[in-house]
Protein chains: 2
Amino acid sequence: MHDYRTDNITPLSQRRDRCQGCGLRNICFGILHHAPEADMLERLICRRGPLPAGTVLFEAGEPLERLCVIRVGAARRERAERCEDDNQRVIGFSLPGEVMGLDALYEQRHPTNAVLLQNSYVCELPFQSLQGLAAQVPQLWHQLLRLSGDAVHQNKRTRLAMSQQSAEGRLAHGLLDLAHRMARRGMSAETIDLPMPRQELGNQLGLAPNTTSRAFRYLGEQGWIMADGRQIRLLDVPALADLANWSEPTPTVRSA
Amino acid sequence: MHDYRTDNITPLSQRRDRCQGCGLRNICFGILHHAPEADMLERLICRRGPLPAGTVLFEAGEPLERLCVIRVGAARRERAERCEDDNQRVIGFSLPGEVMGLDALYEQRHPTNAVLLQNSYVCELPFQSLQGLAAQVPQLWHQLLRLSGDAVHQNKRTRLAMSQQSAEGRLAHGLLDLAHRMARRGMSAETIDLPMPRQELGNQLGLAPNTTSRAFRYLGEQGWIMADGRQIRLLDVPALADLANWSEPTPTVRSA
DNA sequence: CGTACTATTGATGTAGATCAACAAAGGTGG
DNA sequence: CCACCTTTGTTGATCTACATCAATAGTACG
């Protein structure tokens, strides 16, 4: 594993395809689309890729220097300490378009590792520069706070599901969560391409590998989902939502 | 249950005891202590109390109008929908000094109810006004983002504990979490006065009432804690931390 | 063609939910 | 003051969901 920071940097001068699948739209969620400040933000962003699976974006304890958004790919967030059981470390996953690094603000250093699950393209944004820009565009602060606040809420809900649901319910919750988050970014909510092995998904849901397998089988047998390898099709979202005690607009319903 | 907004409002003109156990210090965490802007923030804050236990501070779906900080007391956060099992609704607890409402930013409306567990004193801060002040003191945005980001991380950790730990481990985690959060606000980390019934704490940890009781007994028998009613003394924090797979500075170690 | 890694399936044991009874504490009204 | 009820906590007995152990494929990759 080598330091990825030195390779695959696309010089800014060569890339002016703003908002074209890059992190800009994701970070700003449309706020700056047509503002002149969008250009300024654009200039602060640094794109990197392709980076191979396994690349460490940042490690726990590292000082927060930049926010990071995956353009294409996915990452796993994990605790720093090696546990006896190596599988008990996954804290969560980061999908394309989701801002990574906000949870580092409290201590000014990253609380977890971030490791790429697939070959990925990422955007980076020095936090210092962002602060500078935000001083001129206060809405940017508001936007970051929105994203962060949402993450709080989502995590609370998932925590509730984890502590109280059956294995099948957890899996349903996990799948709906992924679909929900992908739908937000304009990706298909019906067909999920799991960026991680099934077992790792199960593990993050607190399930043993074989329990995960059985839960997948169960959902398939009920006709709620169609699973083919890592391709998961959600056939009956309402049923899944019911099973998972999901209590918000289901993934197919786009939120504003 | 009546609308609490109309009673027990202390006119601002009568209260100039700034930073004296009020939410100001809590929200600003010392940032504005000596700045002239502290006065401005001070003027925006509205204190209320005493409010009786059971008071609904806000309900899910309500638009976000103000942030709220408990000065004395505690609150329970719960889902809006009535489940078959009424106990499966607790999302979390809010302790004195913790900002409530940031999770409402994404949708601009509160995702959960907030109900007082005890007779409490609270501070309120209209979000509009806060935005105005933050425009002049950008550090305030940063501070809010810090708090929110920290909440994200804490919730992720708890989620991990919930999904993978034994009953005793969960309880240990829950107690350490409370102690940790109280210690941050300068309260004792050794002796916890549970603001909620034990069973409700257990419930939030995904434990049945009788399992909660047994877990308490176990921790007591090991000599890790001394429990007398709602008074819990943490006798062996390292042991608890080990059991809970706690992986951060233990409550007695004050973080900067 | 072997060595990982990932997934499936069966057999077994156990942690904890559930059911049920009871005890202690706090409130309320007579 | 005491009878009464509600809330909260404890303890035992049973039952089940899931972890665990173990074996076997299927795939990918060197």
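In this text the structure is predicted, and so the values were computed from the model without any measurement. So that the names make sense, note that chain A is the first sequence line, chain B the second, and so on, each numbered from 1.
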Item to check | Between B:Asp193 and B:Gln231: side-chain donor-acceptor atoms closer than 3.5 Å | outcome: yes
Checklist entry - Should the pair A:Arg76-A:Glu78 be classified as a salt bridge under the 4.0 Å nitrogen-to-oxygen rule? => result yes
Of the listed nucleotides [options], the one nearest the side chain of [X]:
| X | options | value |
| --- | --- | --- |
| A:Arg198 | C:dA11, C:dA7, D:dA22 | C:dA7 |
| B:Thr211 | C:dG16, D:dT11, C:dA7 | C:dG16 |
| A:Ser213 | D:dA19, C:dT9, D:dT10 | C:dT9 |
| A:Asn210 | C:dT6, D:dT20, C:dA17 | D:dT20 |
| A:Gln199 | C:dA20, C:dA11, C:dT6 | C:dT6 |

Item to check | A:Arg233 atom CZ, neighbour heavy-atom count above 12 within 6.0 Å | outcome: no
Checklist entry - Do the side chain of B:Arg230 and the base of D:dG9 come within less than 3.5 angstrom through a donor-acceptor pair of N or O atoms? => result no
Checklist entry - Ignoring hydrogens and angles, are the base of D:dG12 and the side chain of B:Arg214 linked by a donor-acceptor pair under 3.5 Å? => result yes
Next on the checklist: Against the six-membered ring of B:Phe216, is B:Arg198 placed for a cation-pi contact (under 6.0 Å from the centre, within 45° of the normal)?
Outcome noted: yes
Return the value, rounded to whole Å, for the distance between atom [atom1] of [X] and atom [atom2] of [N].
| X | N | atom1 | atom2 | answer |
| --- | --- | --- | --- | --- |
| B:Arg217 | D:dG12 | CZ | P | 6 Å |
| A:Met196 | C:dC5 | CE | P | 19 Å |
| B:Leu194 | D:dG9 | CG | C1' | 13 Å |
| A:Gln165 | C:dA17 | CD | P | 14 Å |
| B:Met162 | C:dG16 | CE | P | 12 Å |
| A:Asn203 | D:dC18 | CG | P | 16 Å |

Next on the checklist: Within the 4.0 Å heavy-atom criterion, would you say B:Thr212 contacts the bases, only the backbone, or no part of the nucleic acid?
Outcome noted: nothing
Checklist entry - Is a donor on one side and an acceptor on the other found under 3.5 Å between the side chain of B:Arg159 and the backbone of A:Arg159? => result no
